[in-house]
K.L.:
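Let me give you the structure first, and then I'll get to my questions.
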Number of protein chains: 2
Amino acid sequence: MLPLLLLAGFRTLIDDLHAELARQGHPELRPLHGFVLQAVGTDGTTASELGNRLGVSKQAAGKTVDRLVALGYLERADDPRDARRKLVRLTPYGLDGLRRSAVVFDELRQRWTEALGADRVAAIEDDLRRVTPANWFRLDIPGWFTG
Amino acid sequence: MLPLLLLAGFRTLIDDLHAELARQGHPELRPLHGFVLQAVGTDGTTASELGNRLGVSKQAAGKTVDRLVALGYLERADDPRDARRKLVRLTPYGLDGLRRSAVVFDELRQRWTEALGADRVAAIEDDLRRVTPANWFRLDIPGWFTG
DNA sequence: GTAGTTTGGTCAACGTGGTTGACCAAACCG
DNA sequence: CGGTTTGGTCAACCACGTTGACCAAACTAC
């Protein structure tokens, strides 16, 4: 039963997150996009590296970048030191979306903390860390989900 | 941070589940299919009702049923009492997949319990139940995830 | 320095899971 | 009986993923 509850918890929270983001001027930001913006990060990256970070093929990563470029969240630029590489960077709009995601995410986490108590939340996080691969997602990328 | 850990936990567990199911003769069973078989249940249902249970449109439910029929997990039959309805039922093969899913799922849950201790798992489940809609997924459908 | 290999990006074809809109026939209801 | 609701399907489309093929730039080795 636990895993179904995990999924339910995650889904409802992500739904809440994007409903609030839509209200704040980012109606087109889909659940996946937040993770992609996080993985691109303030330093930028390339499509292949993005695929590695997200665990998908470079082609899939490239197509997702295409969509986010079309939406104005990302931009591509040539790498002066390697003509093969195309750097992918956050636009100011993309940075705004990323920051708002982080803020709303923290607010929602705060709600959980109020409902359960800070000690309970910390205990659950600690437990989960023990049974899940710590770096399945790049939890260490700064600036996101760092509540 | 908690929600990302929820997702990581769910993903890794579902991946483990389907790796084991592939070993047991169900290599084509995708993560979604288990939920669909569960929602169909031993009593059978219709495409529209299935859509309601899973929270998707009747068309999407119908297409998923098509695929599971093609794979041999489900079958369609006419409803003698309502010529509009097409009953969707588990085939023996589908029932086998459903049962194996339940067994493997329980084994994986057992691993979590061993790692955390039964009291910790019970406490987490209790906590999550408090902050997630209890019936987001039909947790009350008997015969699945009833560890 | 030229030849062979690795790497980054893209294109094409395809599969899966989802949407909305249109439509038909059967059932229900006044 | 006539109008509305319901169940199923078809069509078009979108998001996200896959593999395979391919090209050009970069690296490596002789």
Side-chain angles (χ1 to χ4, degrees), chain A residues 7 11 14-15 18-19 21-22 26-40 44-89 97 137, chain B residues 7 11 14-15 18-19 22 26-40 44-89 137:
Chain A
L7 178 62
R11 271 289 298 261
I14 293 296
D15 286 350
H18 286 88
L21 282 177
H26 292 279
E28 295 149 316
L29 212 48
R30 318 246 296 95
L32 175 74
H33 297 162
F35 295 103
V36 176
L37 296 183
Q38 171 203 21
V40 170
T45 181
T46 65
S48 287
E49 172 58 22
L50 189 57
N52 287 337
R53 290 183 186 174
L54 297 174
V56 299
S57 66
K58 61 180 182 177
Q59 295 94 324
K63 281 202 280 189
T64 300
V65 169
D66 286 344
R67 278 177 223 118
L68 286 171
V69 167
L71 290 174
Y73 286 93
L74 296 178
E75 62 185 5
R76 276 190 237 254
D78 291 333
D79 185 335
R81 292 189 298 233
D82 186 338
R84 294 171 306 176
R85 290 158 57 90
K86 305 259 177 86
L87 279 328
V88 174
R89 285 191 311 238
F137 253 102
Chain B
L7 178 62
R11 270 288 299 259
I14 293 296
D15 286 351
H18 286 88
H26 291 278
E28 295 149 318
L29 211 49
R30 317 250 291 97
L32 174 74
H33 297 162
F35 294 103
V36 176
L37 296 183
Q38 170 203 22
V40 170
T45 182
T46 64
S48 287
E49 172 58 23
L50 189 57
N52 286 337
R53 289 183 186 174
L54 297 175
V56 300
S57 65
K58 61 180 181 176
Q59 295 95 324
K63 281 202 282 188
T64 300
V65 169
D66 287 344
R67 281 179 215 115
L68 286 172
V69 167
L71 290 174
Y73 286 93
L74 297 178
E75 62 185 5
R76 276 190 239 255
D78 290 334
D79 185 335
R81 293 189 299 234
D82 186 338
R84 293 171 307 178
R85 290 158 56 91
K86 305 259 177 85
L87 278 329
V88 175
R89 284 192 311 240
F137 254 101

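The figures here come from the full heavy-atom set of this structure, side chains too, leaving out hydrogens, waters and symmetry mates. All chains are named by letter (A, B, ...) in the order of the sequence lines, taking the proteins before the strands, and each is independently numbered beginning at 1.
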K.L.:
Would you say A:Lys63 and A:Gln59 make side-chain contact, with heavy atoms under 4.5 Å?
P.N.:
no
K.L.:
Please compare A:Lys58 and A:Arg30 by the position of their nearest nucleotide in DNA chain D and report the one closer to 5'.
P.N.:
A:Arg30
K.L.:
In whole Å, I'd like the distance from the NE2 atom of A:His33 to the C1' atom of D:dG17.
P.N.:
14 Å
K.L.:
Identify which nucleotide among D:dG7, C:dT16, C:dT10 has an atom closest to any side-chain atom of B:Arg85, counting heavy atoms from C-beta outward.
P.N.:
D:dG7
K.L.:
Any sub-3.5 Å donor-acceptor pair from A:Arg85's side-chain atoms to A:Asp79's backbone N or O?
P.N.:
no
K.L.:
Taking atom types as they are modelled, would you say the side chain of B:Gln59 forms a donor-acceptor pair with the base of C:dG21 within the 3.5 Å cutoff?
P.N.:
yes
K.L.:
Send over the distance from A:Leu50 CG to C:dT7 P, rounded to a whole Å.
P.N.:
19 Å
K.L.:
Under 4.0 Å between a side-chain N or O of A:Ser48 and OP1 or OP2 of C:dG9?
P.N.:
yes
K.L.:
Taking only N and O in the side chain of A:Thr64, is any of them less than 4.0 Å away from OP1 or OP2 of D:dA15?
P.N.:
no
K.L.:
Could you check how far CG of B:Asp78 sits from C1' of C:dA26, rounded to whole Å?
P.N.:
13 Å
K.L.:
Can you say whether a donor on the side chain of A:Lys86 sits under 3.5 Å from an acceptor on the base of C:dG9, or the other way round?
P.N.:
no
K.L.:
What's A:Ser57 touching, base or sugar-phosphate or nothing? Going by heavy atoms closer than 4.0 Å.
P.N.:
base
K.L.:
Atom CG of A:Asp66 to atom P of C:dT10: distance rounded to whole Å?
P.N.:
7 Å
K.L.:
From the list D:dC16, D:dT9, C:dT10, which nucleotide is the closest neighbour of the side chain of A:Lys63?
P.N.:
D:dC16
K.L.:
Can you measure A:Leu87 atom CG to D:dA25 atom P for me and round it to whole angstrom units?
P.N.:
17 Å
K.L.:
If we only count heavy atoms from C-beta on, is the B:Leu37 to B:Leu29 side-chain gap below 4.5 Å?
P.N.:
yes
K.L.:
How many whole angstroms separate atom CZ of B:Arg84 from atom P of C:dA26?
P.N.:
10 Å
K.L.:
Under 4.0 Å, counting only non-hydrogen atoms across every strand here, what does A:Arg67 touch: a base, just sugar-phosphate, or nothing?
P.N.:
base
K.L.:
Without decimals, in angstroms, what is the distance between A:Asp79 CG and C:dT7 P?
P.N.:
17 Å
K.L.:
Look at all strands and tell whether A:Ala60 reaches a base, only sugar-phosphate, or nothing, counting heavy atoms closer than 4.0 Å.
P.N.:
base
K.L.:
Mind calculating the distance between CZ (B:Arg81) and P (C:dA26) to the nearest angstrom?
P.N.:
19 Å
K.L.:
Would you say that B:Val88 contacts B:Thr46 through its side chain, given a criterion of any heavy-atom pair below 4.5 Å between the two side chains?
P.N.:
no
K.L.:
So do the side chains of A:His33 and A:Leu71 get within less than 4.5 Å of each other, counting heavy atoms only?
P.N.:
yes
